[in-house]
Amino acid sequence: MKKDEVPQDKGNLSKTNMKELVYATDENGNYTTALSSGWEPKSIALSNSIEEISERIAIAEAQVANNEVSPICYYMELCRMDIGVLSSYVGMWQWRVKRHFKPKVFAGLSDKILKKYSDAFNITVEELKNFKAN
Amino acid sequence: METNFTHHQSAHCENGVASNLLKHNGLNISEPMVFGIGSGLFFVYLPFLKVNYAPAISYRPMPGQIFNKLAKRLGLKIKRQKFSSEANAIKALDENLKNNIPSGLQVGVYNLTYFPDEYRFHFNAHNLVVYGKTETDYLISDPVMENVTTLTHEELNKVRFAKGAFAPRGQMYYPIQVPLNVDLKGAIIKGIKNTCRDMLAPMPIIGVRGIRLVAKLIKKWPVKEGTKKANHYLAQIVRMQEEIGTGGGGFRFIYAAFLQEAAVVLQNDELQNLSLEMTAIGDLWRDFAVEASRVYKNRSTKVDVYNLLSDELLAIADKEEEFFKKLKKAIS
């Protein structure tokens, strides 16, 4: 990539005024560094992932509203986690975490267990218990 | 407490931390040199490891490898510590800062509050340097940021003990012995040989063959997984390829910069030619990203886009195979 081709697209970075360093060649073909404010293909890939997550959050919320899953599932999606990540945060086996997705099982969880989840989600136990999906 | 650390922005976090820490310890070594000697260029396809619900593709070796290899090849000593208790991790870091030792940390990205929200995923192999501490904050030199930044005590604790794949477990590292004279030539040759071996490895998921495998899978995805999932997978490839200075194009340009520096050190003109060739390959990776992003944005007007992308990636694999064979010859 030539230095004058370093992309300066408006991307996810420009909102925060963050710029990335890239390596590019100058007019004599020698390597130098330049700053880039963002690149469109990258922003598209990133927003694609974000959209994917938003969709999953919305689905989980609807499922909580229908009493199909517990709020744990919703907060897991909200925090961009999957079962693997969540299970290592709360220090429980994945099958146990999955079991806690069942509203019935969730209703019977002790505050001690709920605390592990709420800590992982950075919320209070009350917030987790009283989550009402719209 | 504050050490007299100088922050230099870099394209990739692990190179950057290594280069910055070594510069601080009196060894002036550039980011591309770190990357080349530490054999940072890599490719591996890990279908059984899912990242964000898509198969993982890594364009880099395991976290910590670059610095470890660099240290071994230059004869430096690095101390690495992991902690099971958060209190001990804090104590060890504070002790270092008190002794004027800026320290590298492996951290999780999700709770890095100074990152734009879109960048915050559960990715645990980010690296940064802590160079000081105030009443409320730690002073942070994150190599991918333009300027130094801060995290509160609590925030730093969280990122050091992030969980999930590659959980950092408070990992802290810093050079404890840096020789005045290093054998740069020997280290460069070892680094290049290692990279050639990795990229030409006779394993179906590693190096050039890994790229080929992914290329072939791209063709199958829309049929096997449906367009939606195929698009998601494709987006994931590009994200891993281009996010925060890592991956396909970006890494190729750093490697080309390394070859240019190496050509001077080894007085080998062939490396200069190969640097140009690697730049061209980097540009092909970027073209691939442009084409792929059009596909999942549904703006591609070309028919049979998945086949086209697959062919593009196969062509890259062929070019790289040829390239690494030539590179191997050039230093033997």
Side-chain angles (χ1 to χ4, degrees), chain A residues 1-3 5-7 9 11-26 28-53 55-56 76-77 79-92 119-120 122, chain B residues 8-11 16 31-32 50-54 110-111 114-122 143-146 158 162-165 167 231-232 234-245 249-250 253-254 256-258 260-261 275-276 279 282-283 286 289-294 296-297:
Chain A
M1 181 171 52
K2 295 197 181 76
K3 202 176 171 182
E5 289 169 0
V6 171
D9 299 344
N12 312 77
L13 297 177
S14 45
K15 270 182 263 168
T16 44
N17 264 329
M18 189 176 146
K19 279 190 176 162
E20 285 177 355
L21 185 99
V22 293
Y23 284 80
T25 51
D26 65 12
N28 302 318
N30 291 319
Y31 263 93
T32 170
T33 58
L35 291 175
S36 163
S37 64
W39 191 37
E40 208 199 349
K42 202 166 125 172
S43 312
I44 299 174
L46 211 49
S47 17
N48 183 284
S49 298
I50 299 285
E51 268 167 41
E52 196 84 16
I53 291 168
E55 261 173 46
R56 276 206 301 271
M76 177 185 84
E77 297 291 1
C79 294
R80 300 179 182 178
M81 296 175 172
D82 56 24
I83 291 183
V85 173
L86 179 56
S87 97
S88 54
Y89 265 99
V90 293
M92 288 184 249
D119 282 349
N122 230 346
Chain B
H8 304 269
Q9 193 183 9
S10 65
E31 178 186 3
K50 291 278 196 282
V51 176
N52 193 18
Y53 301 91
Y110 186 70
N111 279 306
Y114 53 78
F115 265 14
D117 187 49
E118 290 91 337
Y119 276 22
R120 291 168 56 191
F121 292 95
H122 293 274
V144 302
M145 303 290 287
E146 249 181 298
K158 245 187 211 156
K163 299 279 165 54
N231 281 346
H232 174 57
L234 212 50
Q236 185 84 343
I237 294 184
V238 175
R239 241 192 68 215
M240 295 209 175
Q241 184 182 320
E242 296 299 335
E243 199 159 287
I244 324 185
F253 298 135
I254 307 178
F258 158 69
Q260 206 168 53
E261 273 191 56
S275 165
L276 293 176
T279 305
D283 287 330
R286 288 175 67 82
V290 172
E291 213 56 65
S293 68
R294 277 188 193 142
Y296 48 74
K297 247 226 135 176

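Each chain gets a letter, A, B and so on, in the order the sequences are listed, and its residues count up from 1.
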Which atom pair, heavy atoms only, marks the closest approach of [X] to [Y]?
X: B/Glu146; Y: A/Leu35; result: OE2-CD1, 3.4 Å
X: A/Asn48; Y: B/Ala235; result: OD1-CB, 3.4 Å
X: B/Ala289; Y: A/Pro41; result: O-CB, 3.8 Å
X: A/Tyr89; Y: B/Ala162; result: OH-CA, 3.4 Å

Query raised in the report: Can you list the steps and then say if B/Thr279 with A/Tyr23 is a side-chain contact (heavy atoms from CB on, under 4.5 Å)?
Result: CA-CA 10 Å; B/Thr279 305; A/Tyr23 284 80; over 6 Å; no

Separation of [Y] [atom2] from [X] [atom1] (nearest 0.5 Å):
X: B/Glu118; Y: A/Leu46; atom1: CD; atom2: CG; result: 6.0 Å
X: A/Met18; Y: B/Tyr114; atom1: CE; atom2: OH; result: 8.5 Å
X: B/Tyr119; Y: A/Ile50; atom1: OH; atom2: CD1; result: 10.5 Å
X: A/Glu20; Y: B/Met145; atom1: CD; atom2: CE; result: 10.5 Å
X: A/Arg80; Y: B/His122; atom1: CZ; atom2: NE2; result: 8.0 Å
X: B/Glu261; Y: A/Asn30; atom1: CD; atom2: CG; result: 11.0 Å

Query raised in the report: Which answer fits A/Leu86, side chain, backbone, both or neither, if we ask what part of it has an atom under 4.5 Å from a heavy atom of chain B?
Result: neither

Query raised in the report: Any idea which of B/Ser275, B/Gly16, B/Pro32 has the most non-hydrogen atom pairs under 4.5 angstrom with chain A?
Result: B/Pro32

With side chains defined as the heavy atoms from C-beta onward, is the minimum distance between [X] and [Y] less than 4.5 Å?
X: B/Tyr53; Y: A/Glu52; answer: no
X: A/Val85; Y: B/Lys163; answer: no
X: A/Leu21; Y: B/Glu31; answer: yes
X: A/Asn122; Y: B/Lys158; answer: yes
X: B/Gln260; Y: A/Thr25; answer: no
X: B/Lys50; Y: A/Asp82; answer: no
X: A/Lys42; Y: B/Val238; answer: no

Proximity breakdown for [X] and chain A, heavy-atom pairs closer than 4.5 Å:
X: B/Ala167; value: neither
X: B/Pro143; value: neither
X: B/Ala54; value: neither

Report task. Could you check whether the rings of A/Tyr31 and B/Phe253 sit parallel, tilted or perpendicular, using 30° and 60° as the cut-offs? Result -> tilted

